[in-house]
Amino acid sequence: MDTTDRRILRVLQQDARITMTALAEQISMSVPATAERVHRLEEQQIIRGYHADISAVAAGYEIEVMMLVTAHAGAEQSLYQMVEERPEVVSAWDLAGRTGLLLRVICKDMASFEALVESFQQVSTTESYFCLHQRKGVQLPLEDA
């Protein structure tokens with residue numbers, strides 16, 4: 001990845017819906033060369049997708065929780081399957097150390113969160129941290145090489 005690729009990524013992080021013409025103009029390249037670079041970044045999985053940033057609260061989800069989850073002995077595969085199948089789990093990270101997974105969970109209300117926790121307790125122990133307010137978003141600090 002070179003300086004031009006990083007400039008492209010910075011612009012796309014700010015506005016993923018920008019046209020190739022406008023992007024090319026911002027990075028001072030031709031439209032075909034810009035489109036080729038974006039395509040290459042997508043093929044290399046540097047750009048993994050384009051997403052709408054949706055407010056969970058506005059979409060009707062009152063509860064956002066970060067959960068630390070540790071599988072019971074021999075229940076790791078059951079836990080991983082549950083993580084994949086539960087739509088309330090919107091992100092999951094494998095962790096080094098004592099705890100196995102960190103989950104970001106979104107629920108409509110406390111009753112649905114309690115039901116989720118109960119289902120997880122069949123295969124794991126959990127520790128929950130309720131999110132009050134997000135202070136920072138998820139943009140990478142892309143600096144020129």
Side-chain angles (χ1 to χ4, degrees), residues 1-71 75-117 119-120 122-145:
M1 210 170 36
D2 64 12
T3 301
T4 302
D5 290 336
R6 290 176 189 281
R7 289 172 46 215
I8 289 169
L9 294 172
R10 276 196 301 272
V11 172
L12 289 175
Q13 280 191 133
Q14 294 298 314
D15 181 6
R17 296 180 65 180
I18 192 169
T19 65
M20 280 300 140
T21 302
L23 177 58
E25 196 173 287
Q26 283 196 33
I27 64 167
S28 302
M29 287 184 65
S30 71
V31 174
T34 301
E36 176 57 35
R37 279 188 176 254
V38 169
H39 181 68
R40 185 175 38 79
L41 291 167
E42 291 167 345
E43 282 183 335
Q44 294 173 342
Q45 292 292 300
I46 294 169
I47 297 175
R48 298 184 304 179
Y50 301 89
H51 311 279
D53 185 4
I54 299 168
S55 165
V57 172
Y61 295 90
E62 296 179 8
I63 308 292
E64 181 173 4
V65 176
M66 301 304 274
M67 287 177 62
L68 296 172
V69 182
T70 305
E76 291 84 2
Q77 290 307 314
S78 296
L79 173 60
Y80 299 149
Q81 183 177 350
M82 188 176 289
V83 166
E84 288 298 320
E85 292 174 353
R86 295 301 299 243
E88 302 94 334
V89 178
V90 295
S91 299
W93 296 268
D94 288 314
L95 300 176
R98 257 181 358 146
T99 302
L101 295 171
L102 173 65
L103 308 179
R104 179 173 170 240
V105 173
I106 306 290
C107 293
K108 293 265 185 196
D109 53 32
M110 187 57 75
S112 62
F113 174 70
E114 289 171 355
L116 177 75
V117 170
S119 69
F120 271 100
Q122 297 170 24
V123 296
S124 65
T125 59
T126 64
E127 190 173 336
S128 301
Y129 296 88
F130 288 81
C131 301
L132 302 176
H133 178 77
Q134 182 179 2
R135 296 218 176 262
K136 190 170 182 177
V138 292
Q139 294 198 351
L140 295 177
L142 297 168
E143 299 174 3
D144 292 339

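Applying the side chain to side chain contact (heavy atoms under 4.5 Å, CB included) criterion to Asp94, with sequence neighbours excluded, gives Tyr80, Leu101. Qualifying side chain to side chain contact (heavy atoms under 4.5 Å, CB included) partners for Gln26, counting only residues two or more places apart in sequence or in other chains: Val11, Ile18. Every side-chain hydrogen bond (donor to acceptor under 3.5 Å, both in side chains) that Gln14 has, sequence neighbours left out, goes to Gln139. In this view, Gln122 satisfies the side-chain hydrogen bond (donor to acceptor under 3.5 Å, both in side chains) rule with no residue, not counting sequence neighbours. Applying the salt bridge (Lys or Arg N to Asp or Glu O under 4.0 Å) criterion to Arg10, with sequence neighbours excluded, gives Asp144. Residues meeting the side chain to side chain contact (heavy atoms under 4.5 Å, CB included) test with Ala115, sequence neighbours left out: none. Taking Val90 as the reference, Arg104, Ile106 meet the side chain to side chain contact (heavy atoms under 4.5 Å, CB included) condition, with sequence neighbours excluded.
Glu64 places none of its side-chain heavy atoms less than 4.5 Å from the side chain of Val105.
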Side chain to side chain contact (heavy atoms under 4.5 Å, CB included) between Phe120 and Leu79, intermediate numbers included: CA-CA 7 Å; Phe120 271 100; Leu79 173 60; 3.5 Å; yes
Step-by-step side chain to side chain contact (heavy atoms under 4.5 Å, CB included) determination, Glu62 to Val57: CA-CA 6 Å; Glu62 296 179 8; Val57 172; over 6 Å; no
Test side chain to side chain donor-acceptor pair (under 3.5 Å) on Gln81 and Gln77 and set out the steps. CA-CA 6 Å; Gln81 183 177 350; Gln77 290 307 314; over 6 Å; no
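The list of salt bridge (charged side-chain N to carboxylate O under 4.0 Å, His left out) pairs with a residue in residues 30-39, not counting sequence neighbours, reads Asp2-Arg37, Asp5-Arg37. Screening residues 14-32 for salt bridge (charged side-chain N to carboxylate O under 4.0 Å, His left out) gives no qualifying pairs among residues at least two apart or on separate chains. Legend: ring-ring contact (aromatic ring centres under 6.0 Å, His included) pairs involving residues 34-61, not counting sequence neighbours: none detected. Among residues at least two apart or in separate chains, there is no salt bridge (charged side-chain N to carboxylate O under 4.0 Å, His left out) pair with a member in residues 41-50.
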Which donor-acceptor pairs under 3.5 Å do the side chains of residues 125-138 make with protein atoms, sequence neighbours left out?
from	atom 1	to	atom 2	distance (Å)
Glu127	OE2	Tyr129	OH	2.2
Gln134	NE2	Lys136	O	2.7

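Here Met67 contributes atom CE and Leu102 contributes atom CG; the two are 10.0 Å apart, rounded to the nearest 0.5 Å. Here CZ of Arg86 is found 4.0 Å from OG of Ser119. Values are rounded to the nearest 0.5 Å. In this structure, CZ in Arg7 is found 6.0 Å from CD1 in Ile27, a value given to the nearest 0.5 Å. Rounded to the nearest 0.5 Å, atoms CZ (Arg40) and CE (Met1) are 10.0 Å apart. Residue Leu95 holds its CG atom at 8.5 Å from OG1 of Thr70, rounded to the nearest 0.5 Å. The CG atom of Leu41 lies 6.0 Å from the CD1 atom of Ile8; values are rounded to the nearest 0.5 Å.
Taking both residues in full, the closest heavy atoms of Ser124 and Ala71 are given as CB-CA, 3.9 Å, listed atom of the first, atom of the second, then distance. Of all the heavy atoms in Ile63 and Asp109, the pair that sits closest is CG1-C, 3.6 Å. Looking at every heavy atom in both residues, Val123 comes nearest to Ser78 through CG1-CB, 3.8 Å.
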